[in-house]
Amino acid sequence: MAKKILIVDDEVHIKMLLEQTLEELEDEFEVDLYTASDGEEGLEFIRSKRPDLVFLDIMMPKMNGYEVCRIIKDDASLKDVKIILLTAKGQEVDRKQGLELGAMMYMTKPFDPDEILRVSKELLEL
């Protein structure tokens, strides 16, 4: 079964950059890529499709990334969903809060495409 990656971000150009970066995994490892534009849409997708890995922005309309992360980690049926917070919030207090809520990693924008590919392969065990 193909692995699934979900990108949740309200910034169109960030979603496009991540998709272009992760297309290599689509081609090489048959990973399926999906996107959502806000926290509510992302949470709905996570509950229905159970992606293996989620790149989750923090500052989004409707529901922020911290809240989505907390809800996912409080739901035992979603415990296997791996979350990487990918955000412009670069302060230590933000990073600490994200990791305490259950994110596996906290990365800041701008991001290094090679690092995105490396951590994706590692977390998906590709």
Problem set entry | Exam field: side chain R95 to backbone T108, donor-acceptor pair closer than 3.5 Å | no
Exercise. Can you tell me how far the CD atom of E40 sits from the CD atom of E67, to the nearest 0.5 Å?
Worked result: 9.0 Å
Problem set entry | Rounded distance [0.5 Å steps], CE in M107 versus CZ in F55 | 6.5 Å
Seminar exercise, completed: Between C69 and G98, the two heavy atoms sitting closest are SG-O, 4.5 Å
Exercise. For I72, which fellow cluster members are found when Ile, Leu, Val, Met, Phe, Trp and Tyr are connected by side-chain heavy-atom distances below 4.5 angstrom, either directly or through intermediates?
Worked result: L6, V8, Y34, L43, F45, I46, V54, L56, I58, M59, M60, M63, Y66, V68, I71, L78, V81, I83, L85, L99, L101, Y106
Exercise. Apart from M16 itself, what residues make up its hydrophobic cluster when side-chain heavy atoms of I, L, V, M, F, W and Y under 4.5 Å apart count as a link, directly or indirectly?
Worked result: V12
Problem set entry | Reported CE-to-NZ distance for the pair M104 and K73, which is rounded to 0.5 angstrom | 7.5 Å
For this session: Can you tell me which residue pairs pass the salt bridge (charged side-chain N to carboxylate O under 4.0 Å, His left out) test with a partner in residues 103-116, sequence neighbours excluded?
Result: D9-K109, E11-K109, D57-K109, E115-R118
Exercise. Is the count of non-hydrogen atoms from other residues, nucleotides or ligands lying under 6.0 Å from Q91 atom CD greater than 12?
Worked result: no
Exercise. Of the options L22, L17, T21, L53, which is the one that meets I7 in a side-chain contact (heavy atoms from CB on, under 4.5 Å)?
Worked result: L22
Problem set entry | Inter-residue atom distance I5.CD1 - S120.OG, 0.5 Å rounding | 4.5 Å
Exercise. Can any side-chain N or O of K4 pair as donor or acceptor with the backbone N or O of K49 at less than 3.5 Å?
Worked result: yes
Exercise. Roughly how far apart are I116 CD1 and E24 CD, rounded to 0.5 Å?
Worked result: 13.0 Å
Exercise. Can you tell me how far the CG atom of L18 sits from the CG atom of L33, to the nearest 0.5 Å?
Worked result: 9.5 Å
For this session: For atom CD of E30, decide whether the heavy atoms of other residues, nucleotides or ligands shown that lie under 6.0 angstrom number more than 12.
Result: no
Exercise. Under 4.5 Å between any side-chain heavy atoms of P113 and Q20, yes or no?
Worked result: no
